[in-house]
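Here's the structure, in structure tokens; my notes come after.
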Amino acid sequence: MAVVAQVSQQSLRAQEKAIADRFIGGFPWPMVIWPFVNTTVWLSLWPLVFAGLLPLWAGFLIALLNLSVSYLPSHDAQHNIIFPEGSRWHWFNEFVGWVSVIPMWIPLSVLRVTHYEHHRHANHPDLDPDYPMAAPTALGGLGKAIVKSQPRHDRYGETLNRLGTPASRKAMLHAMIARVSQYTILAALAWSGHVWEALLLWWLPLKISSVYINFYLSWAPHRPMTQQGRYSDTRAFRSIWGNIASSGMQYHIIHHLYPTIPLYRTPAAFRALRPILVQRGCDLGGM
Amino acid sequence: MRLIGIAFGFGPILFGIGFLAPMIAAILELARLSGPFGLSPIQFGLVLGIVLGAVARRRKTWLW
């Protein structure tokens with residue numbers, strides 16, 4: 001019986017992979033156009049506001065949107081979706097990944113190393129860098145998202161130190177350069193009479209968007225973060241704001257199963273894989 | 001690297017001086033308020049920014 005069950009599981013996995021493979025590959029144009037447009041718009045806000053061509057309150061709202069959507073293309077680049085490692089065009093994948101998070105001022109290298117650890121150890125209390133987001137309720141998740149990057153709760157620096165690999169050491173150096181340069185720019189703006197621009201075009205949108213990003217990318221698809229395993233560490237969920245306004249995270253379970261499926265194809269992949277996910281006993285959140 | 005580590009340890013205080021101080025001063029000026037004890041807005045901003053930074057450094061968080 002055990003052998004029959006094992007063969008059945010292998011067959012199901014083969015079916016799952018065959019379906020998933022249909023959504024992998026090709027050039028993900030939306031994930032390339034998006035970061036260039038987004039970062040260009042955010043950078044344009046500064047001269048427009050300084051020149052008085054755009055009111056600061058409008059710049060704040062646009063910056064808030066820019067910061068909120070800047071992470072996702074980098075997420076695809078972290079997984080080498082745009083061009084895989086070994087491709088002669090892989091440098092472009094890296095370029096997109098770095099450009100995407102210019103508004104967030106976080107190095108791609110830091111995000112990649114810590115995010116891979118999240119995939120390897122999703123929901124592990126000690127090894128998942130996103131575990132500080134664990135909370136049973138949405139209100140609790142919101143509270144965790146607000147303080148996640150505070151040193152008392154931050155797990156990214158600790159993860160880079162723990163790994164001690166060449167990639168993590170390089171990422172740590174990049175993180176330090178980013179932190180010093182960001183605070184230097186903010187201080188230079190603030191002390192030169194542009195404190196409101198620094199606050200409303202960068203610092204405040206960064207803080208607010210990081211709460212949104214952590215809530216929808218870390219808390220919502222993994223809550224309550226008590227289970228580990230391929231089919232139980234991530235869930236589908238129905239957001240009151242819809243899939244797009246929730247950063248496409250309703251179908252994040254697909255990303256954890258097949259990380260090289262581009263973000264914009266995860267809804268279709270979810271629909272195709274749904275019968276298998278039901279058989280696997282996944283939490284599909286009524287989707 | 002040790003020097004960088006020490007500098008990072010004082011990060012919240014440096015942030016208090018570099019960003020919070022002029023921000024507090026700007027808020028006071030917007031509200032047309034002067035600092036207490038005869039301090040100018042920027043002097044008050046520096047005092048409060050350093051104090052808040054020191055507290056955040058000790059607690060390892062600005063919030064909770």
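So that the names make sense, note that chain A is the first sequence line, chain B the second, and so on, each numbered from 1.
- In terms of heavy atoms, B:Ala26 sits closest to A:Val195 at CB-CG1, 3.4 Å.
- Only the side chain of B:Ile42 comes within contact range of chain A, with heavy atoms under 4.5 Å apart.
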Donor-acceptor pairs under 3.5 angstrom involving side-chain atoms of residues 104-112 of chain A: please list them, not counting sequence neighbours.
{"from": "A:Trp105", "atom 1": "NE1", "to": "A:Ala178", "atom 2": "O", "distance (Å)": "3.3"}
{"from": "A:Trp105", "atom 1": "NE1", "to": "A:Ser181", "atom 2": "OG", "distance (Å)": "2.9"}
{"from": "A:Ser109", "atom 1": "OG", "to": "A:His174", "atom 2": "ND1", "distance (Å)": "2.6"}
{"from": "A:Arg112", "atom 1": "NE", "to": "A:Gln78", "atom 2": "O", "distance (Å)": "3.0"}
{"from": "A:Arg112", "atom 1": "NH1", "to": "A:Glu94", "atom 2": "OE1", "distance (Å)": "2.7"}
{"from": "A:Arg112", "atom 1": "NH2", "to": "A:Ala77", "atom 2": "O", "distance (Å)": "2.8"}
{"from": "A:Arg112", "atom 1": "NH2", "to": "A:Asn80", "atom 2": "OD1", "distance (Å)": "3.2"}
{"from": "A:Arg112", "atom 1": "NH2", "to": "A:Glu94", "atom 2": "OE2", "distance (Å)": "2.9"}

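- Below 4.5 Å, heavy atoms of chain B meet heavy atoms from A:Gly143, A:Ile146, A:Val147, A:Gln150, all part of residues 138-150 of chain A.
- Remark: aromatic rings of A:Tyr183 and B:Phe19 are distant, center separation not under 6.0 Å.
- Here the shortest heavy-atom pairing between A:Ala190 and B:Gly18 reads CB-O, 3.8 Å.
- Contact detail for A:Trp191 and B:Ile17: the closest heavy-atom pair is NE1-O, 3.1 Å.
- Within 6.0 Å of CD1 in A:Ile177 there are more than 12 heavy atoms belonging to other residues, nucleotides or ligands.
- Summarising the geometry of A:Leu186 relative to B:Phe15, their closest heavy-atom pair is CD1-CE1, 4.5 Å, with the distance given to 0.1 Å.
- Proximity to chain A is limited to the side chain of B:Ala21, based on heavy atoms less than 4.5 angstrom apart.
- In terms of modelled atom types and a separation under 3.5 Å, the side chain of A:His153 and the main chain of B:Trp64 share a donor-acceptor contact.
- At a 4.5 Å heavy-atom cutoff, B:Leu14 makes no contact with chain A through either its backbone or its side chain.
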